[in-house]
Amino acid sequence: MKQFINFIKKEFYHVLRDPKSLLMLFGVPIAQIVLFGFALTNEIKNSNIVIVDNAMDNASQKLIYEIRASKYFNVGQIFMNPDQMDAAFKTGKVKLALVIPKDFDNDLQHLHTAQVQIIADASDPNTATTLTNYMTSIISDYQNQLWQDGGLPYSILTQQRILYNPELAGAPNFVPGVVAMVLLLICVLMTSVSIVREKEMGTLEVLLVSPFNPFLVIFSKMVPYIVVSLINLTIILILSVYLLDLPFKGNLLLLYGESSIFIVCGLSLGLLISTLTDTQQTAMNTSFLLTMLPTMLLSGYLFPIENMPLFLRILSNIIPAKWFYIIIKSVMLKGLGIKYIWRETLILSGMTVFFLTVSLRNFKIRLQ
Amino acid sequence: MDKEMVIKADKLTKRFGDFTAVDAVSFDVAKGEIFGFLGANGAGKTTAMRMLCGLSKPTSGEASVAGFDVFRYPEKIKKNIGYMSQKFSLYEDLTIKENIEFYGGIYGLTNKQIKDKGTELIDMLDLQAEANKLVRGLPLGWKQKLAFSVAIIHEPKIVFLDEPTGGVDPANRKQFWELIYETADKGITIFVTTHYLDEAEYCDRVSIMVDGKISALDTPSGLKKTYNAKDMNEVFFQLARNATRSGD
């Protein structure tokens, strides 16, 4: 036990004395959260819009009031005719227009249904989609209000029928992806590099000649990275709750439990890579190619898996991060319990056991 | 011989697939002896040494180290040997003291033992001023001496040195060998591989491996007599001339 503590102490010295490792371990997660949280946000606030109000009645005034109250839009002018709107779009300053037809109030009162038109500048398709979604949601809020006030089912039909997609709502959705990436970075990349470094330095051989159990050698090398991973997870959670105002909905214990499975999975991959490579450079490249890259591309974190060709959709199933991403998204953002994610948890655990067995076996063979 | 034999190898063999890296080598090493293990690169000396250290299981043959069978008690062997690899066995980003504490701890020394041995070792190498500095900053020759001292911190019966003086200048090599002599005088057996032939002269006995087999084993003077050579260089070239394996 004393040997074990001794070893872990030494591993911490390695981590703490290497500015590059420190930067990797603590700088990267913070930078990612801040970048994704602020710079790369796809939440769009204070967009300039115009409204063409052909009705000028009670209902249209109320709707415009609702839109003005929202933080997303900056209502510029209220126009009377569509030509003015066209001109406004051409200046490029206006991103979206809402057209309220004549007899808006009248239609609502008597037909209980009315139509509005949302016109968006789709030269930037993502912004257009997002803004359209915001507008649709404001209108449906307004419609619900009318319903409550009048007790009668009113409906306002918007011509733009894009379903509200919560994935587009804002930056906090990046957080689960960042968690997955950071845990992989630490567990796979840092672990494989730190084991291969000992190989390169010749110290691993000395450790293996010593009476210290080879599996304990490996295990003690992993402990600091487990600790660092959990610290990082905590940092990310604190940042996302206090800096990004991300409501944390799920069970904290469940989140840490699921993350631990993923951490062990990453460590096994790191060990596997370290047994297959002989230099730190190769270990780093292999880690990047085999884990980081597929995770970025195929976990669903940056690109939705649903839109991928069948081959890539099938391939994505063997990426552990895909399952972890689903799990952590469900726990963090949707507040779901184990009842809803047991399948993903089982798959992830299975993969973990598989990689752990393969890597330990491989390590043992290398020892012979 | 009536001396205590701490390493016994009998027809020790290691095959990797079709390739026989070590082909039925037999030798004994006595307690306190400095045993040189020579051979060109790829001759099989590292593989042979790895088998004796318990790092690699022999394919066939028998061997015992410090009285323990290499097949049955590799763990017991590990407790009784020290090892220094051709690269440094020290952590460059740890201080001298931390390296001593770490290796002492790995070999199961108590805190008091580590402290006593550490102070003794630092005094012996005259490193008091550098004790709390990172190993990275030490000159190569010092690193090597320190690595050797750390490898014997647990007072093993045998210490295995795998080309310990690679890349070190002659003056430092000589100092290093003085340290080896001091250690051997304390009764610790030294098993050293080298490809510096002048170093072979410093050994009590030398074995020369060619193509996985031991083709000569005697004292340096005995070898020179047998091969009618003026130095170990000539002995080695006479033996290695017929080698079929090229170096790696």
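Since the structure is predicted, the reported quantities are computational estimates derived from the model, not experimental observations. Just so it is clear, the values below take in all heavy atoms, side chains as well, and ignore hydrogens, waters and symmetry mates. Per chain, numbering begins at 1; letters A, B, ... match sequence-line order.
- Between chain A and the options B:L109, B:D93, B:I77, heavy-atom pairs under 4.5 Å are most frequent for B:D93.
- Using cut-offs of 30° and 60° for the angle between ring planes, the A:H14 and B:Y91 rings count as tilted.
- Annotation for A:F219: atom CZ does not count as buried by contact number, only 12 or fewer foreign heavy atoms lying within 6.0 Å.
- When all heavy atoms of B:K79 and A:P211 are compared, the closest pair comes out as CG-CB, 3.7 Å.
- Using a 4.0 Å cut-off between charged side-chain N and carboxylate O, A:E205 and B:R50 make a salt bridge.
- Heavy atoms from other residues, nucleotides or ligands lying under 6.0 Å from OH of B:Y181 number more than 12.
- Between A:V206 and B:Y103 there is a side-chain heavy-atom pair separated by less than 4.5 Å.
- For B:K157, the salt bridge (charged side-chain N to carboxylate O under 4.0 Å, His left out) criterion is met by no residue, not counting sequence neighbours.
- In this structure, B:R136 CZ and A:R17 CZ are separated by 9.5 Å, a value rounded to the nearest 0.5 Å.
- Two residues are said to be in side-chain contact when any heavy atoms from C-beta on lie closer than 4.5 Å; B:L55 and A:V209 meet this criterion.
- The contact between A:E198 and chain B is made entirely by side chain atoms (from C-beta outward), counting heavy-atom distances below 4.5 Å.
- Residues B:S85 and A:G202 approach most closely at OG-O, 3.5 Å, considering heavy atoms.
- Counting heavy-atom pairs closer than 4.5 Å to chain B, the top residue among A:N213, A:L207, A:V217, A:I5 is A:L207.
- With a 4.5 Å cut-off on non-hydrogen atoms, A:L204 does not touch chain B at all.
- In this structure, chain A has a heavy atom under 4.5 Å from the side chain of B:L134, while its backbone stays farther away.
- Side-chain atoms of B:K78 come within 3.5 Å of backbone N or O of A:L208 as a donor-acceptor pair.
- Only the side chain of B:I114 has a heavy atom closer than 4.5 Å to any heavy atom of chain A.
- Between B:Y107 and A:F212, the distance separating the two ring centers is not shorter than 6.0 angstrom.
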